[in-house]
Amino acid sequence: MAGETASRGFGLGRPGPRASLGVVWTVFVARLKIISRYKGAILLESFLPVIFAGLPILLGTAVAGDEQTAATNFFAYTGTTCPSTDAARCSADFRLYMLMGSNTFMVVSLMLWLIGYWVRREQETGTLEALYLAPAKRLYVLAGVTSYTLVRSLIAFVTAMVIGSFAFSVNPLRPPFAAAIGFLVLGIPALWGISFFFGALVMRIKEANSVIQLLQWVLAFAMGIYFPVTVFPALLRWTAMAFPPTLMNDAIRSTLLDISSIYGPWYVVLGLMLAAAWTVPFLGYAFFGVVERRIKRDQGVGQF
Amino acid sequence: MRQRLETFYTMSKKVVVEYSRYPVAFAALFAQIFLIILLFIFSTVAFAGGDQTKIQNFGGAMAYGFVANMILSFTLWEIGFSIREEQVRGTLESLYLSPANKFSNLLSRIFAVLSWTLAMCLGGLALVSVSVGGLPAHNIAQGLLALLLTTTGFLGIGFIFAGVTIKLKESAQLLVNGLQFFFMIFSAMFFPFDALRKVSPAIIDYVSKWLPVSYCVDLFRSTLLGSPVPELASWEVEWLIVVVFGIVSPLLGYWVYHRIERKARSDGTLGEY
């Protein structure tokens with residue numbers, strides 16, 4: 001009886017819409033306050049995509065002998081025709097291709113890292129169980145955390161884009177830039193959904209660090225940050241293509257660089273992105289709910 | 001000495017027991033190494049334009065550099081990160097009240113994971129070898145000696161960062177992360193130094209040549225690839241630098257760690273996080 005009373009927040013705490021929004025806002029602000037103590041972390045996140053993009057560019061230059069040959073070989077091997085006949089423009093497109101891939105990877109990766117570390121940190125410091133006793137729906141708490149991860153990821157994206165554009169002498173501000181950003185925004189709900197999947201996974205298997213480190217490279221591989229997934233064998237290619245971040249990455253690149261999307265014409269890409277934006281968050285939250293219920297029934301959410 | 005060895009053995013066992021509770025971590029480490037290698041192999045193949053000799057040479061350079069990168073990455077992360085974990089969980093101060101030898105304690109934090117990583121790297125090299133149609137492997141004994149000295153040298157950097165973690169707390173992770181990527185680029189771990197020279201010779205002259213880590217990577221890679229001369233200096237100079245680094249770095253690193261730890265203990269901030 002007492003347990004039931006406690007689990008329902010003494011029967012009083014049924015938050016209305018305004019209070020629920022308050023929960024989202026409070027969690028969001030709390031996370032921002034915490035990260036504002038570690039400004040260096042935000043700075044590093046902005047430089048990481050530039051470093052990630054620099055690695056294949058340097059590797060390509062070393063392997064092919066010079067950057068233009070690297071770009072030519074790359075576009076020929078991947079079947080991604082360079083839209084320009086100008087070799088210098090193709091080199092710049094090659095750099096921009098890598099930069100966009102790394103930037104998008106950073107957004108996806110950060111959203112997953114942050115949700116995973118949040119769950120793990122709350123488990124380790126013993127506050128996750130307390131959160132479950134609070135009279136707030138998990139959806140709003142998660143919405144607060146994922147909103148924070150989104151803001152942090154987008155800050156990293158924009159800063160890295162500016163730094164990378166100067167570092168690699170590329171100009172992403174072409175006419176399709178707004179459309180490319182549109183695709184990025186459209187990809188966010190699916191990322192939210194995947195974050196829920198990921199949070200549930202960390203809560204279940206507990207090893208946040210290893211899961212994050214592994215998934216980071218699975219992501220890099222599946223998203224095709226350095227090359228389109230068309231170079232994979234058929235089964236791996238179809239698996240990678242079914243992964244929403246691959247779709248988002250491909251949509252952004254093909255729009256900005258005016259190259260053919262691996263998914264087909266633009267309206268197919270748009271349709272697939274809308275479908276992912278609509279279904280993945282629901283699937284993700286449902287999965288989180290199932291895992292959460294099972295953990296609560298077994299050993300409780302506080303065990304780590 | 002016996003007490004030191006016992007402490008090292010017991011604490012290494014404790015690390016292994018802790019790891020065995022998290023089997024996914026082992027599997028993840030294994031898969032992660034293969035994924036990184038595959039990612040760069042795919043890239044190398046894409047840039048080589050079908051030239052098999054180039055693919056083999058660059059596959060080798062990348063794979064051997066990758067081994068050095070993994071060791072550096074784990075020594076930088078594991079020691080400091082495990083200290084941080086103990087800080088957060090509140091067990092670091094109690095550990096320092098016990099009569100366990102501090103050096104053995106520090107070394108045991110990395111021993112098991114490093115042994116496992118090296119085994120995984122061997123698997124990774126086998127994968128590269130299969131993928132690129134054979135990997136050049138000359139002077140294996142000399143290569144292993146270079147790798148051993150490289151590992152002890154990196155341990156010194158790991159000790160320093162364990163001390164920095166006590167002092168900087170959460171921000172130390174950022175520093176480690178930054179440093180890891182700094183070495184990855186400027187010590188040319190995933191590509192030959194020639195690539196950096198093509199961007200600007202100044203990068204080699206004013207940055208890479210001043211980093212002992214660069215010589216470790218270059219010596220290990222050039223020895224195994226059977227290069228006529230290493231990229232940064234002559235064989236004699238590179239061996240001298242790597243031997244000195246391998247011996248002096250752990251001593252210096254532990255001295256720095258010890259000073260920071262003593263300061264934290266006298267200030268009463270050891271357990272603060």
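The shown structure was predicted, so the numbers you read here are calculated from the model rather than taken from an experiment. In what follows, chains are A, B, ... by sequence order, proteins preceding strands, each numbered from 1.
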Using heavy-atom distances under 4.5 Å, tell me whether A:Ala70 contacts chain B through its side chain, its backbone, both, or neither.
both

Approximate separation, where rounding is to 0.5 Å, of A:Ile57 CD1 and B:Ser43 OG
11.5 Å

Does B:Lys13 NZ have over 12 foreign heavy atoms under 6.0 Å away?
no

Within the supplied structure, the quantity of interest is the number of heavy atoms (other residues, nucleotides, ligands) at a distance under 6.0 Å from B:Phe111 CZ; does it exceed 12?
no

B:Lys198/A:Asp66 under side-chain contact (heavy atoms from CB on, under 4.5 Å): CA gap, chis, key distance, verdict
CA-CA 8 Å; B:Lys198 276 178 185 149; A:Asp66 60 80; 6.0 Å; no

Taking every non-hydrogen pair under 4.5 Å, which of A:Phe232, A:Tyr226, A:Phe221 racks up the most with chain B?
A:Phe221

Would a 4.5 Å heavy-atom cut-off, applied to side chains only, mark B:Phe190 and A:Leu58 as touching?
no

Tell me, side chain or backbone of B:Phe182 under 4.5 Å from chain A's heavy atoms, or both, or neither?
neither

Is the ring pair A:Phe227/B:Phe42 parallel, tilted or perpendicular, if the boundaries are 30 and 60 degrees?
tilted

For chain A, which of B:Asp194, B:Val45, B:Leu196, B:Val199 has the most heavy-atom pairs under 4.5 Å?
B:Val45

Let me confirm one number: the CZ-OG1 distance from B:Phe47 to A:Thr69, rounded to the nearest 0.5 Å.
12.0 Å

Give, as side chain, backbone, both or neither, the part of B:Leu39 having an atom under 4.5 angstrom from any heavy atom of chain A.
both

Under 4.5 Å, heavy atom to heavy atom, which residues of residues 45-54 of chain A contact chain B?
A:Leu48, A:Ile51, A:Phe52

Between A:Val63, A:Thr61, A:Val218, the one whose heavy-atom pairs under 4.5 Å with chain B are most numerous:
A:Val63

